Structures are given as C-alpha cells and as structure tokens.
Colleague: 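Take this structure first; my questions come after.
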Amino acid sequence: MQSPTTTLAAGLRLPTNGLDYAILAIYFVVVLGIGFMARRSVKTSLDFFLSGRSLPAWVTGLAFVSANLGATEILGMAANGAQYGVYTVHWYWIGAIPAMVFLGLVMMPFYYMSKVRSVPEFLLHRFGASSHLLSSIIFAVSSVLIAGVNLYAMALVLQALLGWPQWLAIVIAGLFVLAYITIGGLSSAIYNEVLQFFVILAALIPLTIVGLKRVGGWDGISDSLSHSHGDSFMSAWQGTGIGSSNPLGANWLTIVLGLGFVMSFGYWTTNFAEVQRALSAKNLSAAKRTPLIAAFPKILIPMVVVVPGLIALVMEPSLGKAGKDGLQYNDAIPVLMRDLLPNGVLGIAVTGLLAAFMAGMAANVSSFNTVFTNDIWGAYVKKGRSDGYYLKTGRVVTAVGVFIGMGTAFIAGSFSNIMNYLQTLFSFFNVPLFVVFIIGMFWKRTTAAAGFWGLLSGTVAAMVNYFWFYKQGVISIPSDQGANFVSSIVAFVVGGVVMFVVTMFTKSKPVEELAGLVYGTKSPGMEEPPAEGDDAWYRKPALLGWGAIVLAAICYIPFSF
C-alpha cells in the first residue's frame, strides 16, 4: 500500500499565488484566535484536560470525527482507493461504524459515570496499578508516534505542493498546534477541530464534484476502471473468498474479524485521542451521543476521500506505475488539486489538507498531555500536589509532547508506508488493550493479574507475529495490511487466553468493589437523570446507533455486486 511517506512527485508543485497564501494566513490567525478565546474558560486542570465536562454533543461529535481526519484519512485512504478500489470502504462501514456505535451505547456509560479522566484510569479502578501504568506508558508512546506521522505527512505534502522545506513545515505546524493547545487546552483543540471539519469538507467536496464531472460521473469511473482493472476493483466483496486472491491480501474472514471486529473495536473504543472528546461532554446523554453523532458523517466520508482516489486513477492511469520520479498512489489528492482547482479554491484545498494534519496531531497531543500528567506524573511521580500544579504541568507536557512529535516526524520518514505503519501500531497497542477492556467489563471474575498479563502478552504476541512470523517469512501473508489483520486476531486470542488462564489461578476483587466497572453492576449515581429536552428522538442514543448501523449497511448494497 502506498502512502504519503513516499516522496511526492516533483511535477505536483501547485501554481499558488497571493490569494492562496492569504487564505492560509487567515486560517492560522483564526486558529490562534480560538485558542485565546478558549483560554478564558481554563481555570482548573479539569478545564484544561476535559473542557470542564461542559461541551454540547454536537460539538464533541464533530470533534470526534475531525480528530480522525488526519494523514491516513485524507491521503492514505485516497491512495487506497486508487490502489485497491472499492475494497477501501471496508475501513469505514465495517471498520468504524459498528465500533463507534458500541462505544456510544455500551462503553461510554462506564467511562463517563466512573468520572475517569482517561482510558488508562479506568484500568486503574478495574485492574489496579500495574495494568494502569503499563497501559499509560503504551498509550503515551503511541500518541507521540502517531502525532509525528501526521506532522511528517503534512511536511511532505507542503514540500511538494508549495515548495516549503520539510523541516520548516514540521516546525511551523507543530508550533501552531503547541500554541493553541497550551493556551486553551482541550477546549481549544476541540473547537478548532470543529472548524477544521468544515474546512476539510470545503476542500474535498468541490474536488470530488469537479472530478466526477471531468470523468463522466460514477458511470464513467465504473466503466473505465472495470475495463482496466477488472470488475472486482469496483466491488467491495468480490474476490474475498477464502483461498481467493485480491490486491488487499485479505479474505472475508480476516476483513470481518481482523478489521471489522478486533482492530476497529480496539481503535475506536480504547483510543483515548477519540474517547477524550466524548468525556468532555456536558452529561452522560451527550457523552453517549458523541460517537453516534460522529458516525453519520463518518459513513459519508468515503464519498469525498475514496471516490477522489478512483477519479485520480481515471485521470492519471499511470498512478503507481511510474518510475522513481513519477506519480505514486499517494499523489491522488494532490493530482486532482493540481489539475482541477483554480486559485482561491486551491488555497482552500491546501488549507483543508493542513487542517486535517493539524487535527490529527492536536488529538494525539491533547490526549498525550492528559495521560502523561494524570496517569504517570500525577499518579506515580508527584502525588498529591495542588490542582494548579497539575494545570501548569499539563501545559509543560504539551510542549514536550509537541517537540517529541517533531522528532518522531523525522523517525516516521524511515518507514516506506504510513498506512501500514499506523495500522501496525494499532494492532500492537490498541487491540491488546481492547481485549483487556472487553473481558474485564463483561466478566466479574477477571483478576488484576489477568489484566496486566493479558495486556502484555497480547502486545508481545502481535509483535512476534508481525516481526518474526510475517517479516521473516515463517508464514505467508500477501500484504502488510493482511499481516496487520492477522496480528490483531493473534493479539486478541493470545491476550484473551492468557487472561482466562491467569484468572483461574488468581484471586478476583470482591463484587462490591466492581460496582460501575463491570456490565450488570451499577455504582451510586449510575442512572443520571436525562437533561431537559433529551427526550427528543434525535437525542436518543439507541435510535441514533441503530440508524447508523442501518445506513452503513445500505451503503454497502451498490458496492457489493
């Protein structure tokens, strides 16, 4: 799979002018302005890390989906569309929507009503200090690695499109993210993510509409690519039978179990960069609705991300086939920007790309400062300090996280494929965390020792499968993505088995200590009264959740035959 980490073609330099740069400058001014406005509401560490749990559901919902609109979404998924065709929709309709619904309906009540400030803190209450510290360290490391990926991908794009040196693009974007998060905390990040969501759409929607018109609409895409790449290229499920071969290197079983269940549930339900947005909601109903509201735009994102990848392949059939200095699959979006957009609109498109990368980085930095300050520094290094001390520490840690992210941005350059890199990280870190959560949340007998060893063994098992069995050729898997799906399944199975075995030989907590931490138990106050007006149909989480599932299933129909 190609990705933004492959150097973009030199011929993609855009004909930008003063109008385009003016639009970019206005965006930066607005971003900083939002940061200064949000600063007035930051009085305590809770305000800084979780916006004082005061934000409405529509704000947290848009921030939830925007936080995921980073490097992988805009460039990576368009590249996948150009390389793998309609198979890419699996990452949305089976690899996101069910997990987002599960998070909203099943897991958010436990997160929100337990008053935890982070995902690792929930493990502290359920399993104890060992699992808490291990998960905190794992999450802190993965956060800065992913933040660096967003910075590096953005630097490559700006270098190719605008001629900026990579180091300059990394430093400028990193400093702007540092400024508005340090000034306004999570509120600044969230409100900027809402702005960035609309800026990203303002960039991608015109690109898609103009592109469709250029290639003769959907029928033009389908006829052209079916002729050149075969009918299965325009189908989500053809060629995915067990034993069949396809470019994705995965069959329906690994797609459903590896991507649709283990990897997607691991990411969407335990990734604090996402969950943090829901925890900042003003009440339990708003927290439950946050991922459900986000699910609806997420369903439609393939129309402005995957479809442009297909359009680019029709317009530039040489994508992915050229020599060293030619066009790669990851050039899909920049190719359309170069060929289709006039000045002014071009400035909006470049700003939209920049907004996407900054949203992805800000999500990971804001979650990193929360976990490091509360779950590592405050829990094990400097306990019992004043709230003001932790507020100041959070701001310092934000700066540290940004500068580490700048460093990991350069490390990311050593990987030839950003999408595979990120999916590999998710299989290593998120999937083992998910198996610990899901078993601990539904099985009262699960012990503290089982939580720690399940998390550790699952992480190690995924790494062993990827680096030894796959990379050393012990087993044959057609692609890196296929290997990631298998690694996720291995991590889930090994972690689950280890948890079961360890639980059988260790002592569990008394049931009364598990109130509100295990499904079927409730702590005092677990039944929060609905806020005024929350009885409207569009504010009912169950209705929103099932609506998202049904809509995602309907979307599959035209792409399945």
Side-chain angles (χ1 to χ4, degrees), residues 4 16 20-40 42 48-49 63 66-67 69-71 74-75 140 143-196 199-200 273 347 350-370 372-373 391-413 418:
T16 50
D20 301 312
Y21 280 103
I23 293 172
L24 196 58
I26 291 171
Y27 170 73
F28 277 122
V29 171
V30 172
V31 163
L32 290 180
I34 291 174
F36 280 106
M37 291 177 63
R39 181 182 178 87
R40 293 180 296 180
V42 179
F48 185 80
F49 295 122
S66 181
L69 279 172
I74 305 301
L75 294 184
S143 293
V144 293
L145 288 174
I146 296 171
V149 171
N150 279 281
L151 267 181
Y152 181 73
M154 183 209 63
L156 285 177
V157 170
L158 293 182
Q159 180 189 37
L161 301 185
L162 304 179
W164 293 10
Q166 285 184 27
W167 69 268
L168 179 63
I170 288 174
V171 171
I172 289 178
L175 291 179
F176 269 91
V177 171
L178 170 62
Y180 72 72
I181 296 180
T182 304
I183 293 169
L186 182 64
S187 293
S188 176
I190 285 179
Y191 281 112
N192 267 303
E193 285 163 2
V194 173
L195 168 67
Q196 289 158 348
V199 172
I200 292 166
V350 173
T351 303
L353 280 181
L354 186 63
F357 296 129
M358 290 176 66
M361 182 186 180
N364 284 283
V365 170
S366 60
S367 58
F368 167 78
N369 66 24
T370 302
F372 188 90
T373 302
L391 177 58
K392 293 179 181 177
T393 301
R395 288 196 163 106
V396 172
V397 170
T398 300
V400 172
V402 169
F403 285 114
I404 294 176
M406 291 180 184
T408 59
F410 293 100
I411 294 175
I418 195 174

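This is a predicted model, so every value here is computed, not measured. These values consider heavy atoms only, across backbone and side chains, with no hydrogens, waters or symmetry-generated copies.
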Colleague: Quick one: CZ on F48 to OG1 on T370, what's the gap to the nearest 0.5 Å?
Modeller: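 Answer rounded to 0.5 Å: 7.5 Å.
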
Colleague: Could you tell me which non-hydrogen atom of A363 sits nearest to which non-hydrogen atom of A273, and how far apart they are?
Modeller: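 So the minimum-distance heavy-atom pair works out to O-CB, 3.7 Å.
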
Colleague: Quick one: closest heavy-atom pair of S188 and I34, and the distance?
Modeller: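 Minimum heavy-atom contact is O-CG2, 4.1 Å.
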
Colleague: Does the side chain of M406 reach to within under 4.5 Å of the side chain of L175, using non-hydrogen atoms?
Modeller: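 They are in contact (side-chain heavy atoms under 4.5 Å apart), so the answer is yes.
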
Colleague: For R395 and T182, which heavy atoms make the closest approach, and how far apart are they?
Modeller: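 So the minimum-distance heavy-atom pair works out to NE-O, 2.7 Å.
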
Colleague: Considering all heavy atoms of both residues, which atom of N364 and which atom of S143 are nearest to each other, and what is their separation?
Modeller: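 What the structure gives for the nearest pair is CB-O, 3.5 Å.
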
Colleague: Compare every heavy atom of A179 with every heavy atom of L32, then report the nearest pair and how far apart it is.
Modeller: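 So the minimum-distance heavy-atom pair works out to CD2-CB, 3.7 Å.
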
Colleague: Once you round to the nearest 0.5 Å, how far does CD1 of I200 lie from OG1 of T351?
Modeller: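 That separation rounds to 11.0 Å.
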
Colleague: Could you tell me the separation between the CZ atom of F28 and the CD1 atom of I23, rounded to the nearest 0.5 Å?
Modeller: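 Those atoms lie 13.5 Å apart.
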
Colleague: Rounded to the nearest 0.5 Å, how far does CZ of F368 lie from OG1 of T373?
Modeller: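 Spacing of OG1 (T373) from CZ (F368) equals 8.0 Å.
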
Colleague: Heavy atoms only: give me the nearest A147-V365 pair and the separation to one decimal.
Modeller: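 Here A147 and V365 meet closest at CB-CG2, 4.3 Å.
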
Colleague: When rounded to the nearest 0.5 angstrom, what distance separates OG in S366 from CG in N192?
Modeller: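 Reported value, rounded in 0.5 Å steps: 11.0 Å.
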
Colleague: Could you tell me if the side chain of L178 sits less than 4.5 Å from the side chain of T398, heavy atoms only?
Modeller: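 Side-chain contact under 4.5 Å: yes.
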
